[in-house]
Structure formats: C-alpha cells, structure tokens
A.B. asks: 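One structure is given below, represented as structure tokens, and several questions about it will come after.
Here is the naming used below: chain letters follow the sequence lines, and residue numbers restart at 1 for every chain. The figures that follow rest on heavy atoms only: side chains count, while hydrogens, waters and symmetry mates do not.
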Amino acid sequence: MSIDLEYPDGSVVQHPDGVTGREVAESIGPGLARAAVAVKVDGELRDLERPIGGSGSFAVITLADDDGLHILRHSSAHVLAQAVLDLYPGSTFAIGPAIEDGFYYDFKVDEPFTPEDLERIESRMKEIIEEDQPFVRDSVSVDNALEIFSDHQFKREIIADVDPSEVSPGEDVTLYRNDGFVDLCRGPHLPSTGRIPAVKLTKTSGAYWRGDQARDQLQRVYGTAWPSQKDLEEYLVRQEEAEKRDHRKLGNELDLFSFPEELGPGLAVWHPKGGMLRKVIEDRSRQMHEKYGFEFVFSPHLAKADLWETSGHLGYYAENMYPGMELDNDQEYRVKPMNCPGHVLIYKSRARSYRDLPIRLSELGGVYRYEKSGVVHGLLRSRGFTQDDSHTFCTEDQLDSELRMHLDFVVAWLRDSGFEEFEADLSTQPAKSVGEQSRWDFSEKTLGAVLDSSGIPYKVAEGEGAFYGPKIDLHVRDAIGRRWQLSTIQLDFTLPERFELEYTSADNTSEQPYMIHCAKAGSLERYMGVLIEHHAGAFPAWMAPVQVTIVPVADRHIGYGSEVRALLEGRGLRVELDESGDTVGDKIRKAITQKHPAVIVVGDNDVEARTVGLRMYGEDRDTRGVPLTEAVDRLAEMAEAPPL
RNA sequence: GCCGGGUUAGCUCAGCUGGCUAGAGCAGCUGAUUUGUAAUCAGCAGGUCAUCGGUUCGAGUCCGAUACCCGGCUCCA
C-alpha cells in the first residue's frame, strides 16, 4: 500500500501508507525537515508527527508561511495559558486564538493582571520554551473530555457546544498535551515548545466570555510571536512607527485640533491650521459633488422627535441619540444623528415626476451621536462630526448608472487623497430585513455588476447588509498597511416607504423611488484622522495648511522675503514668513518639524540675484540660487490639487 | 456601558518606601546676537501636583468618589 503526494513544484512522489509529515519532509531534505512545523495535505494542516491520511497535494509548512506563523502564535497562546495556570492556582482559561501579528488568551482569575504579572508570566513562558516540551495530540470522547476539564467551566461549555454531526466518530474531542498542561484544541501545533523563537506579552485587558456583556468578564492577555528575535524587534519598531503617526499626537504637535476637557469627551475644536486643512478638504468635497451632478442642500441640527419616529431612528437607533429636549408646548426635539430625514423632506417638498429623477442631494452635515464613554477615540470615533453625505433618489432603470457614478466618485475621491489600494465588501440581505424582495434581488444584482466592472477586488459579505438595504463598503490600505473602512454606498428601502416617497411615471402611475445613501469620506473628521496617520502629518502639498515657509537669513532680508511671499500668495499658495530672530538653522528646523512641504531661504546673494534657496520636505539637501520666477512656478505646480 | 492603567508647568517627563520653599528640557517673555540650510547665549516668568472628600502630626505620594485620557471588550440600525 502506498500513497501519492503532489509537491508544490508539481512532482508526484510515492510514499508508504502511514508515513508521517516529518518523514516526508526528511525525504525531501534535512534542512526542510528542521524548518518544518507542520504539513498541509489537500489544504488541511496536520501535525508533523501525524500519519498522512492519503494521496493528495502536499506542502511542508515552515515559519516562513502564513500558516506557519499562525501555528506559531497559536502554540504560543497555549504556552501562555500553561504559564498562567501554573502561576495562578484556581485560575481557569477560556479561549486563546492566534490573531494578526500575535495571539491572546482569556482567563478568569481572582485578581486582574498587573504589568508585573505580565513579566512573571512571560518569564514562566520562556522557561517552558526552554524545556522544549513536545506538543502531543490526543483525542477523547466527549464524556472523557468533560471529566478532564471538570475544573474548567469554559472548556466544558465549549465541549458541550460541539456539534456531534461535525466530528468524525472516535475523534470526538481533540486535545493537545505538553508536560502537565492540556488544552482543548483542533491544532495543529508546533512539534514542541522549543520551536517558539521569539515571544513577548504586550498588554492585558478585560474581555467578556463569548463577547457577551451579560456574561463573565475575563482577563485577556495579548502577546506577539515571531520566527526570530529580529522579526520581533522589527515588529516592535513598526508599532513605534504607528504610534508616531497617531493622529491625536500629530494633531497636537501640528496644532490642528484639540479635545478640551471642558467641551466633553469626543468633542473637538479645530485650531487655525486644522481649520485650513478642513477647508481644503471641504472645498474639494464640494467641487467633486458638483462635478458628479449633486446639488447642495442644508438641514438643521434639530428636528421634532416625531420626524425621528417616522424615520424609524427612535425605534432602531435611539441608543445613539442624545436625549430629547422639551420646547414650545411640550414639543420634543432631537439632535440629528443622520441627515437622511432632512433630505427626504426636501424630496417630499413637492410632487416629483420621473422627469425630475435622479435627484442627488448632498450636504456636509454635522451630526451628533451618543457614543458610549469607553469607545470615543480621537477623531476616529467622536460624538460630533460632519458627514459628506448624499442621498440620491432615482428610478429602477437609473439604478445601475447611478451606482456606477457613485462608485466612480468615491474611488476618485479616495485616490486624490493619496490612497492607492482599495477593497470592497458587498453586504447582502440579512436574515431580518424590510422592503420588497424584488428590490433586494434587483439591487444586489446591480451592485454586484457595478463592482464586477469596476475592477475593484471585493468579497461578498453574505447577510451583512443593513436591515433596510444592501451596500458596498470601500476599504483602503494606508501607508503602513492598515485597513480603514471609509466610503459606503447603501440602498435604503425603508425610508421611501416610511415617508411614502413617490414620483409619477411616464405611464402616469405612482412609483416609489430607489434611495441611495452615500458617504465618500464618511465622517470628515475621521477621514482627516486617517489622512494624518496615512501621511504621518506630512500632507501632500495641495492639502498642507502651510505650503511654504520663507526663512530670511537676517532681518535685512525680510523685505525681499515679503516680496517672495506676495508672489507666491498671488499664485494661491499658503505661505508663512518667519520673522523671528532665530538662527537660520533653527527656523528651518521649525518648518521641517511642522512638516511644511517647502522651505525657501533668502539671503544677500538672493536679494542681489533675485534668487532663492529651496528645500523640499523629505529631501535633506537644498538647492541654492534658484531664480525667483522659476521657484514660484515650481512651487505653484507642487501645490496644485489633482485635476478634478 | 464593562475590565485594567493613567492624570505633576502650554508640551514631553523626573519626583525613592508620606517629611523643609515640587524639579528638568522644550515652548513663552525680556535682553544680547543678525546669523546661508534640522536647536546662539543669558536672564525671567510659569504648577491649588485633574477635582472633591478621607486617613495622618504631616499627602504630589496612602484610601474613596467624580471628571477626563489611554489599552482592550462590547457597541457602531
């Protein structure tokens, strides 16, 4: 008896039945066998020591593979649990998966972990790794497993929840043992604990059992694990990089905005530099909306509670709305969390004909949402923000072209801001939904077709749509690879129904329009937060609040500096002239620290020859003696926004 | 909302186990310096140690509450 294994290079090699992954790896080469942590047979990962079940595709997994990293981190989580159970008698453990860049494990302990605990646990983990304990796979019956984990309530709950139809007979529950430690686990694992090259615990936090607020609050320990100490260090450097980009830190350093305690959590004030950035973004938004055929409307920040009753917000969204205020004749008013009802009322302000459609209404609308106290996070999650919102009303026939236009628009918008990588989610009808089925079907089909022809990679998120309609969400990757959800294009079947929107068709019948919500940036404030992090505060010149700083070498050059400034301002540039008594080096340093795109230095030679010294952000050398007219042209070109 | 950590000058941070008038750098102000590409020198000023309450002979330091911030969880129709 023998089996045929197809290697990644396409060759097919015969092996005896019952051969293990390790034996196959050894047959290929001793180096590979040493690096191997698991094997993948027909897409299924298996421990190295397990016999390979049968013929099929075969690959050796090492720590260089994503699968290998996942196994490394999963095994690290086991060692973490082992260390905690060792050090804290009476503690019990819940779940501990591998996550991006690391792993975590949830525990129930008497006292929450302190930073010192973390050090203790990490030391114990290193001892376990030092001892190089083999991970041994085992499988037992459900009853047997319940017995083994008699002291561990969460494990028992997991076992009890296992769907018997999903496990093959005789392998009811798989376990992994190393030394005295045993955990419930599907595997696979590293051959032994000694195969963890670099591990570090990073933080602790609270977490609910099964993510349910009503259940036990557990202590979560996060860690990270890498194929080498060097990889770990690089990861830590990357973390530091990300910290340096933190928009809250840069917002303060570049004097863009602040969150004064007096205002209340999640409420920002924009300082002049941030205000200029906002103005640039808002102007751009309005130009783009105009280009794509949107009209501008305005709606108030307050409206009668009845309106929110009709729209359904008080039914579905009240938790996130500020409490009502009683005004004239006990009339209750609410602060708006969304712009849609206002725009709907504009649609309803007169009878509409099919000839009027599509109607595209847009507004940079300020909204207020009551975010729970623990979730506010700088500009990325605040309680007051501005949506670059639009609502489009159209006929069924127009839906395809409207959706195409909306998608083109958001992609152009994101590209102009400096994002290059996009991914989309197409979220479809959830289990509980409202609206006619035919509308759901038609809209989902249309959204899919629009995405297909856009060339944007996307995945279908089955059942992830809102109850009122399917949607496309657009994600971007930032400069350091993080994924942000920004734009959204959503169909809404409930508002036209609730507000009884209609138009008269060519056949003189009354029809309900399709309604498309679309936010390009989402929240402008959040968008600016993301931009700050993406560009690390060094904005593209067209966005930068200050585009050029002029540094006179000595006071006698201020006159010429003013002349240069006037020329640049005449070309629409935002310019600062540094008239302080600081040294040239200091003035340049200040401009660079503030990440201004260009610095101009003017001294005696320049006044004489009508030239300037030019230094661009990010370049550590300067060009002297650039003719003034040429410099002005170059800077004006630099500061040009992308073509509309 | 929940768990944990934090809050000392405008900013970044020292301040040991409770013990004289709470320190530094940067920023600010004043003066000198007039400088050619990432920090000129000197002086001055600046803090109810988040707030309120408690323990103590004595609290920045210990305890409690509140506010706000941070990391997660939950939430984000």
A.B. asks: Report yes or no: is there a donor-acceptor pair, N or O only, under 3.5 Å between the side chain of A:Y208 and the base of B:rG1?
C.D. replies: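 Donor-acceptor pair under 3.5 Å: yes.
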A.B. asks: By the 4.0 Å heavy-atom rule, please label A:R615 as base, sugar-phosphate, or nothing.
C.D. replies: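 A:R615: base contact, heavy atoms under 4.0 Å.
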A.B. asks: Donor-acceptor pairs are to be reported for all side-chain atoms of residues 620-629 of chain A against protein atoms at under 3.5 Å, with residues two or more places apart or in another chain.
C.D. replies:
residue : atom : partner : partner atom : Å
A:D622  : OD2  : A:R624  : NE           : 2.9

A.B. asks: Using a heavy-atom cut-off of under 4.0 Å over every strand shown, decide if A:G585 touches base, sugar-phosphate, or nothing.
C.D. replies: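 Here A:G585 touches the backbone only, sparing every base.
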A.B. asks: If pairing requires Watson-Crick or G-U wobble contacts with both distances under 3.5 Å, which nucleotide is the partner of B:rC62?
C.D. replies: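 Base-paired to B:rG54.
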A.B. asks: Within the modelled atom types, does a donor on one side and an acceptor on the other bring the side chain of A:D606 and the base of B:rG36 under 3.5 Å apart?
C.D. replies: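 Check passes, donor-acceptor contact within cut-off.
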A.B. asks: Base, sugar-phosphate, or nothing for A:V584, non-hydrogen atoms under 4.0 angstrom?
C.D. replies: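 Sugar-phosphate, no base atom in range.
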A.B. asks: Just how far, in rounded Å, is C1' of B:rG36 from CD1 of A:I600?
C.D. replies: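 In whole Å, B:rG36 C1' and A:I600 CD1 are 14 Å from each other.
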A.B. asks: Looking at A:R556, does any N or O in its side chain come under 4.0 Å of the phosphate oxygens OP1/OP2 on B:rU35?
C.D. replies: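 Answer is yes, contact under 4.0 Å.
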A.B. asks: A:F107 has an atom CZ; how far is it from atom C1' of B:rG72, in whole Å?
C.D. replies: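 Going from A:F107 (CZ) to B:rG72 (C1'), I get 15 Å.
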A.B. asks: Any strand counts, and the cut-off is 3.5 Å on both contacts for Watson-Crick or G-U wobble. Which nucleotide pairs with B:rG47?
C.D. replies: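 By the stated definition (distances under 3.5 Å), nothing pairs with B:rG47.
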A.B. asks: Taking only side-chain N and O atoms of A:R624, does any of them lie within less than 4.0 angstrom of OP1 or OP2 on B:rU37?
C.D. replies: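 Looking at the OP1 and OP2 atoms of B:rU37, one of them is under 4.0 Å from a side-chain N or O of A:R624.
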A.B. asks: Looking at every strand, decide which applies to A:G581 at a 4.0 Å heavy-atom threshold: base, sugar-phosphate, or nothing.
C.D. replies: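 Contact class for A:G581: base.
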A.B. asks: Over all strands shown, is A:G211 touching base, sugar-phosphate only, or nothing at heavy-atom distances under 4.0 angstrom?
C.D. replies: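 Touches sugar-phosphate only.
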A.B. asks: Would you mind pulling out the nucleotide paired to B:rC26, Watson-Crick or G-U wobble, both distances under 3.5 Å?
C.D. replies: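 WC or wobble partner is B:rG10.
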A.B. asks: Name the nucleic acid region contacted by A:F259, choosing base, sugar-phosphate or nothing; use a 4.0 angstrom heavy-atom cut-off, strictly under.
C.D. replies: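 It contacts nothing in the nucleic acid.
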A.B. asks: Just to confirm, is there a sub-4.0 Å distance from OP1 or OP2 of B:rG4 to any side-chain nitrogen or oxygen of A:T204?
C.D. replies: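 So the side-chain polar atoms of A:T204 never come under 4.0 Å of the phosphate oxygens OP1 or OP2 of B:rG4.
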A.B. asks: Check whether any side-chain N or O of A:T428 sits under 3.5 Å from a backbone N or O of A:G463 as a donor-acceptor pair, and report yes or no.
C.D. replies: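 Looks like yes, one N/O pair under 3.5 Å.
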A.B. asks: Determine: side-chain N/O of A:K372 to OP1/OP2 of B:rC75, distance under 4.0 Å, yes or no.
C.D. replies: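 No, outside the criterion.
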A.B. asks: Do NZ/NE/NH1/NH2 and the carboxylate oxygens of A:K471 and A:E464 come within less than 4.0 Å?
C.D. replies: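 A:E464 and A:K471: not salt-bridged.
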A.B. asks: Just to be sure I understand the rule, does A:Q219 reach a base, reach only the sugar-phosphate, or reach nothing, if contact means heavy atoms closer than 4.0 Å?
C.D. replies: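 Answer is sugar-phosphate: A:Q219 comes under 4.0 Å of backbone atoms only.
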A.B. asks: Classify A:D586 by what it touches in the nucleic acid, base, sugar-phosphate, or nothing, heavy-atom distance under 4.0 Å.
C.D. replies: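 Sugar-phosphate, backbone atoms only, no base.
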A.B. asks: So, OP1 or OP2 of B:rU35: does either fall under 4.0 Å of a side-chain N or O from A:H557?
C.D. replies: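 Looking at the OP1 and OP2 atoms of B:rU35, neither is under 4.0 Å from any side-chain N or O of A:H557.
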A.B. asks: With a 4.0 Å cutoff (strictly under), does any side-chain N or O of A:R248 reach OP1 or OP2 of B:rG71?
C.D. replies: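 For A:R248, the contact criterion (side-chain N or O under 4.0 Å from OP1 or OP2 of B:rG71) is met.
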A.B. asks: Name the pairing partner of B:rG31, where a pair is Watson-Crick or G-U wobble with both distances under 3.5 Å, or state none.
C.D. replies: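 Per the H-bond distance test, B:rC41.
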A.B. asks: Could you tell me whether A:D620 contacts a base, only the sugar-phosphate backbone, or nothing, with contacts defined as non-hydrogen atoms closer than 4.0 Å?
C.D. replies: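 Nothing, no nucleic acid heavy atom in range.
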A.B. asks: Using the side-chain heavy atoms of A:Y370, tell me which of these nucleotides is nearest: B:rG72, B:rG1, B:rA38.
C.D. replies: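 When the side chain of A:Y370 is considered, B:rG1 is the closest of B:rG72, B:rG1, B:rA38.
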A.B. asks: Specify the separation, in whole Å, of atom CZ of A:R589 and atom P of B:rA39.
C.D. replies: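 Going from A:R589 (CZ) to B:rA39 (P), I get 7 Å.
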A.B. asks: Taking the nucleotide of RNA chain B with the nearest heavy atom to each, does A:L218 or A:D212 sit closer to the 5' end?
C.D. replies: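 Residue closer to the 5' terminus by nearest nucleotide: A:L218.
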A.B. asks: Is any side-chain N of the basic residue among A:R610 and A:E563 closer than 4.0 Å to the acidic one's carboxylate O?
C.D. replies: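 Yes.
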A.B. asks: Applying a 4.0 Å non-hydrogen cut-off, can you work out what A:N605 is touching in the nucleic acid: base, sugar-phosphate, or nothing?
C.D. replies: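 The residue A:N605 makes base contact.
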A.B. asks: Using 30° and 60° as the class limits, which term best fits the ring planes of A:Y468 and A:H517: parallel, tilted or perpendicular?
C.D. replies: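 Rings of A:Y468 and A:H517: tilted, 30 to 60°.
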A.B. asks: Give A:A207 one of three labels, base, sugar-phosphate or nothing, depending on what nucleic acid heavy atoms sit under 4.0 Å from its own.
C.D. replies: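 Touches sugar-phosphate only.
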A.B. asks: Rounded to whole angstrom units, what separation is found between the CG atom of A:D582 and the P atom of B:rU37?
C.D. replies: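 After rounding, the gap between these two atoms is 16 Å.
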A.B. asks: Using the benzene-type ring in the case of Trp, are the ring centres of A:F107 and A:Y105 under 6.0 Å apart?
C.D. replies: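 Ring centres of A:Y105 and A:F107 closer than 6.0 Å.
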A.B. asks: Tell which nucleotide pairs with B:rC2, taking only Watson-Crick or G-U wobble pairs whose two distances are both under 3.5 angstrom.
C.D. replies: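 Its partner is B:rG72 (Watson-Crick or G-U wobble, both distances under 3.5 Å).
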A.B. asks: For the residue pair A:F493 and A:W440, categorise the inter-ring angle as parallel (less than 30°), tilted (30 to 60°) or perpendicular (more than 60°).
C.D. replies: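 Geometry flag for A:W440 against A:F493: perpendicular rings.
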A.B. asks: Assign each of A:T494 and A:R621 to its nearest nucleotide of RNA chain B by heavy atoms, then name whichever residue's nucleotide is nearer the 5' end.
C.D. replies: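 Final value for this comparison: A:R621.
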A.B. asks: Quick one: the side chain of A:R381 and the base of B:rC75, do they pair up donor-acceptor inside 3.5 Å?
C.D. replies: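 For A:R381, whose side chain was compared with the base of B:rC75, there is a donor-acceptor pair (under 3.5 Å).
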A.B. asks: If only side-chain N and O atoms of A:Y104 are considered, is one of them under 4.0 Å from the OP1 or OP2 phosphate oxygen of B:rG71?
C.D. replies: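 Indeed not, no polar side-chain atom of A:Y104 lies that close.
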A.B. asks: Identify whether any heavy atom of A:M616 sits under 4.0 Å from a base atom; if not, whether one sits that close to sugar-phosphate; answer base, sugar-phosphate or nothing.
C.D. replies: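 Since no nucleic acid heavy atom lies under 4.0 Å of A:M616, the category is nothing.
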